[in-house]
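Below is one structure, written out as structure tokens, with a few remarks after it.
Along the sequence shown, the residues carry numbers beginning at 1. Note that the coordinates shown come from a computational prediction; the quantities given were computed from them, not determined experimentally.
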Amino acid sequence: MTDDRQSIEAYADRVEHHLVGSAPYKAAIRAELLDHLDGAANAGELSEALRRLGGPATAAASFAQARPLPPAPMVRRFGAALVDNLPLVGVAVALFVLDLVDGGGAFGTFPPYAYVQFGDSVCLSGPVGPGCGAYDGAGLLYSVGVPLALAWSILGLGLIESRTGSTPGKRLVGLCVVTEAGLRIGALAGIVRRVSFLLGPLAWLDWVPFLANRPRRLFDYVAGTRVVRRAEP
């Protein structure tokens with residue numbers, strides 16, 4: 001392999017790393033890039049072509065914007081969210097059932113607030129608190145189950161999205177997360193777009209833009225992210 005070819009392949013690898021989407025989508029962009037650079041190399045203009053393209057992230061953004069992926073439908077986003085947040089759903093259902101069995105009002109919330117234990121009491125840490133009650137059978141779920149489920153929903157899924165461009169639920173329904181430029185998101189953006197879960201049931205306010213037919217949640221705007229289909233339009 002010639003030096004030019006090695007440079008071209010290495011550059012294409014770095015460009016592809018920034019791309020998110022289906023394998024055929026990324027392969028099509030890579031093929032177009034290789035064809036362009038091979039032509040420049042044959043003309044003795046490889047260095048100039050690479051200079052015009054810029055860094056791998058800049059080049060990836062140019063190709064992604066030329067082949068924009070369509071916004072994700074709201075129904076698919078809800079389906080993906082349900083699959084991804086099954087631990088949080090399970091904890092919320094368990095708390096509802098325990099409250100019902102204990103003779104409470106059985107008024108569950110989703111997402112549930114996280115609680116912390118102080119001695120024999122368990123105290124609400126959400127924005128509608130503070131408030132404390134007896135550390136009963138639900139106490140362990142509140143003080144351990146809810147924080148662990150929230151950690152998965154915020155940190156776990158956020159880091160997975162930053163590494164793969166998707167989550168188990170999104171992959172199941174053919175969706176992925178990209179930056180506003182159409183590239184793979186970073187770890188910080190993956191986490192920030194999910195911190196609304198810390199608001200308990202107020203997290204549903206994050207979905208208000210959908211009522212105005214906007215394809216992005218409030219925290220998508222904060223994190224600079226979009227959810228799109230993995231396949232080309």
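Other residues, nucleotides and ligands contribute at most 12 non-hydrogen atoms within 6.0 Å of the CZ atom of R163. Within 6.0 Å of atom CZ in R76, more than 12 heavy atoms from other residues, nucleotides or ligands are found, so the atom counts as buried in its surroundings. Within a 6.0 Å sphere centred on CG of N42, heavy atoms belonging to other residues, nucleotides or ligands number more than 12.
Hydrophobic clustering of Ile, Leu, Val, Met, Phe, Trp and Tyr side chains at less than 4.5 Å, counting indirect connections, unites V146 with F197. Hydrophobic clustering places L175 together with I185 (ILVMFWY residues linked when any side-chain heavy atoms are closer than 4.5 Å, directly or through intermediates). No path of Ile, Leu, Val, Met, Phe, Trp and Tyr side chains, each step under 4.5 Å between heavy atoms, connects F219 with W152, placing them in separate hydrophobic clusters. Hydrophobic clustering (side-chain heavy atoms under 4.5 Å, transitive across Ile, Leu, Val, Met, Phe, Trp, Tyr) keeps V227 apart from L157. Cluster annotation: V89 and I154 are assigned to the same hydrophobic cluster (Ile/Leu/Val/Met/Phe/Trp/Tyr, side-chain heavy-atom contacts under 4.5 Å, transitive).
Using the six-membered ring where Trp is involved, F210 and F78 have ring planes that are tilted, between 30° and 60° apart.
The distance from atom OH of Y25 to atom CZ of R30, rounded to the nearest 0.5 Å, is 15.0 Å. We find the CG-CG distance between L159 and L188 to be 10.5 Å, quoted to the nearest 0.5 Å. Put simply, CD1 on I8 and CG on D38 are 4.5 Å apart, with the number rounded to the nearest 0.5 Å. Interatomic distance, CZ of R217 versus CE of M74, reported as 11.0 Å (0.5 Å rounding). Between R67 atom CZ and L19 atom CG the span is 10.5 Å, to the nearest 0.5 Å. Taking OH of Y11 as the start and CG of L37 as the end, the distance is 7.0 Å to the nearest 0.5 Å.
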Exercise for the section: Show your working on side-chain contact (heavy atoms from CB on, under 4.5 Å) between V222 and V195 and close with a plain yes or no. Expected result: CA-CA 11 Å; V222 173; V195 296; over 6 Å; no

Handout entry: Residues D220, R214; criterion salt bridge (Lys or Arg N to Asp or Glu O under 4.0 Å); working and verdict
Key = CA-CA 11 Å; D220 277 324; R214 301 290 183 97; over 6 Å; no

Handout entry: V228 and C176: CA distance, side-chain angles, deciding distance, side-chain contact (heavy atoms from CB on, under 4.5 Å) verdict
Key = CA-CA 6 Å; V228 296; C176 57; 3.6 Å; yes

Practice task
Under the side-chain contact (heavy atoms from CB on, under 4.5 Å) rule, what do R5 and L34 come out as? Steps first, then yes or no, please.
Solution key: CA-CA 9 Å; R5 189 61 191 176; L34 290 175; 4.3 Å; yes

Practice task
Kindly indicate, with the supporting measurements, whether the criterion side-chain contact (heavy atoms from CB on, under 4.5 Å) is fulfilled by L155 and R194.
Solution key: CA-CA 8 Å; L155 299 177; R194 296 178 168 278; over 6 Å; no

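The side-chain heavy atoms of S166 and R230, taken from C-beta on, include a pair separated by under 4.5 Å. A heavy-atom distance below 4.5 Å is found between the side chains of F110 and L88. Between S22 and R229 the shortest side-chain heavy-atom distance does not fall below 4.5 Å. The closest side-chain heavy-atom distance from R193 to R216 is not below 4.5 Å. For the pair D206/L199, no side-chain contact is recorded, criterion being any heavy-atom separation below 4.5 Å from C-beta on. The closest side-chain heavy-atom distance from T225 to E161 is not below 4.5 Å. Under the 4.5 Å side-chain criterion, counting only non-hydrogen atoms from C-beta, S196 is not in contact with W204. No side-chain heavy atom of L53 sits under 4.5 Å from any side-chain heavy atom of T58.
A salt bridge is absent between E16 and R184: the closest approach of a Lys/Arg side-chain nitrogen to an acidic carboxylate oxygen does not fall below 4.0 angstrom.
Side-chain atoms of D84 come within 3.5 Å of backbone N or O of G169 as a donor-acceptor pair.
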